[in-house]
Number of protein chains: 2
Amino acid sequence: MGADTQKAIFEAAKSLIETKGFSAMTLRQLAAEVGLQPGSIYRYFESKDALLQALMNQHMLSLLESWNKVEGKGEDEDEDEDPVSRLRAFVAFHIRYHIERRADVIIANLELRALGDDYRADVVTKRSHYEANLRAILAEGVKAGVFPQVDLEVAAYAIIAMLTGVCFWYRSDGRLSIDEIIEVHQKLVLQGVVG
Amino acid sequence: MGADTQKAIFEAAKSLIETKGFSAMTLRQLAAEVGLQPGSIYRYFESKDALLQALMNQHMLSLLESWNKVEGKGEDEDEDEDPVSRLRAFVAFHIRYHIERRADVIIANLELRALGDDYRADVVTKRSHYEANLRAILAEGVKAGVFPQVDLEVAAYAIIAMLTGVCFWYRSDGRLSIDEIIEVHQKLVLQGVVG
DNA sequence: CTATTAATCAAACGAACGTTCGTTTAATTA
DNA sequence: TAATTAAACGAACGTTCGTTTGATTAATAG
């Protein structure tokens with residue numbers, strides 16, 4: 001029975017933190033949302049901070065694992081697709097994942113400073129590992145002569161910021177579908193506005 | 001004499017909110033930073049919320065005014081520069097402004113949800129006015145045939161997210177100068193990674 | 001059916017919160 | 001110099017925070 005309750009706490013916490021922020025969310029609000037007394041939350045988390053740490057770590061691991069599944073799926077075959085295809089795949093994956101897990105992403109991006117130093121360093125490291133995947137694709141493209149010379153670090157930051165930005169304005173009842181949004185971004189990343 | 005104190009409160013608040021977030025910042029911390037007693041802050045702001053509102057409004061007005069100065073400087077002459085030049089100018093302005101006013105920008109982007117509904121709506125409107133400047137440049141480029149067809153709304157969101165992202169990783173003692181960072185972004189915005 | 005463990009409640013804890021207020025000090029004006 | 005205003009103090013207000021604790025109910029096992 002406890003597993004369901006923990007999941008309920010996680011989900012309610014995500015929603016509350018997404019809309020109000022971690023510091024502004026109180027354990028009384030969280031408990032009320034789940035249908036518990038405030039003290040009962042401590043059966044599942046040893047502190048409010050530990051709850052945020054769990055959410056963050058969960059998200060970062062899931063993000064890394066999800067991308068690895070997308071890229072490494074072929075194992076033997078299609079291991080070495082061309083850089084353009086891989087970059088297009090990264091754009092599609094990143095946007096789709098960030099829209100589907102909006103709350104996790106917003107928490108991971110906005111609540112880093114609410115984390116203790118040690119845990120923040122860990123999250124930053126994991127994020128850097130994720131970004132390294134994009135840098136590797138860009139580096140390969142530059143090496144193959146498909147992409148002109150560009151600063152890999154800045155380009156990776158820029159592209160990720162651009163893609164992550166989607167989940168701050170996307171609405172499921174909006175004008176464009178996710179696929180259409182992905183297409184626009186693939187074009188922008190690859191060719192810019194002048195094409 | 002009071003004007004200096006108010007400025008000191010503003011500056012200390014910006015710094016504290018930038019690093020800890022608005023909800024996590026206490027008036028006792030803020031007062032200590034300025035060298036005041038907590039209650040004394042209420043000579044200058046009628047509430048903690050009003051302080052955030054003032055900071056946000058200040059920033060949005062300054063941002064809009066600063067861009068207007070950059071674009072409208074020629075008055076009669078160079079009013080109609082080509083879209084590429086105007087877009088390059090926008091990229092340079094946005095990055096430079098966001099690096100120079102890091103604290104204001106981070107607050108405006110991360111603390112929207114700490115604002116009351118009315119004030120948030122006002123800030124969102126002002127931000128939309130700023131974004132309209134970029135959309136207008138893009139629209140002009142498309143109309144002139146310099147830029148291929150593109151969704152103006154999505155493209156503007158994407159470009160602004162990319163540029164604003166700089167102030168989350170930029171360090172003044174970093175590898176690249178601001179001018180170099182601007183150059184990389186101008187190239188990415190205009191031509192993407194394939195060029 | 002009973003004993004044991006797990007899950008939750010209800011109540012309270014001390015600390016810290018934003019805010020108020022009467023008083024005191026410093027500066028300005030007359 | 002005396003009267004007035006501005007600025008800051010210092011202490012307290014009621015409230016709410018995260019957290020702890022001991023009793024109570026629900027589920028499981030022997």
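For the pair A/F45 CZ and D/dG18 P, the computed distance is 15 Å after rounding to whole Å. Spacing between atom CG of A/D4 and atom P of C/dA6 amounts to 17 Å, rounded to whole angstrom units. As a whole-Å value, the separation of B/Y44 OH from D/dC9 C1' is 13 Å. In this structure, the CD1 atom of A/I41 is 10 Å from the P atom of C/dC9, given to the nearest Å. We find that CG of A/L30 is positioned 12 Å from P of D/dT19, with the value rounded to whole Å.
A salt bridge links A/E153 with B/R175: at least one charged nitrogen is closer than 4.0 Å to a carboxylate oxygen.
Ring pair A/F90/A/Y97: centre-to-centre distance not below 6.0 Å. Less than 6.0 angstrom separates the ring centroid of B/F93 from the ring centroid of B/W67.
With sequence neighbours excluded, the residues satisfying salt bridge (charged side-chain N to carboxylate O under 4.0 Å, His left out) with A/D122 are A/K126.
Looking at every heavy atom in both residues, A/F45 comes nearest to A/Q6 through CZ-NE2, 3.8 Å.
Checking the phosphate oxygens (OP1, OP2) of D/dG10, a side-chain nitrogen or oxygen of B/Q37 falls inside 4.0 Å. An OP1 or OP2 oxygen of D/dA7 is reached within less than 4.0 angstrom by no side-chain nitrogen or oxygen of B/T5.
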Sub-3.5 Å pairs of nitrogen or oxygen atoms, protein against nucleotides 16-21 of chain C:
| residue | atom | partner | partner atom | Å |
| --- | --- | --- | --- | --- |
| C/dG18 | OP1 | B/M25 | O | 3.4 |
| C/dG18 | OP1 | B/K48 | NZ | 3.1 |
| C/dG18 | OP2 | B/L27 | N | 3.0 |
| C/dG18 | N7 | B/R28 | NH1 | 2.9 |
| C/dG18 | O6 | B/R28 | NH2 | 3.0 |
| C/dT19 | OP2 | B/Y42 | OH | 2.3 |
| C/dT19 | OP2 | B/K48 | N | 2.9 |
| C/dT19 | O5' | B/Y42 | OH | 2.7 |

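Using modelled atom types, one side-chain atom of B/Q186 and one backbone atom of B/R88 make a donor-acceptor pair closer than 3.5 Å.
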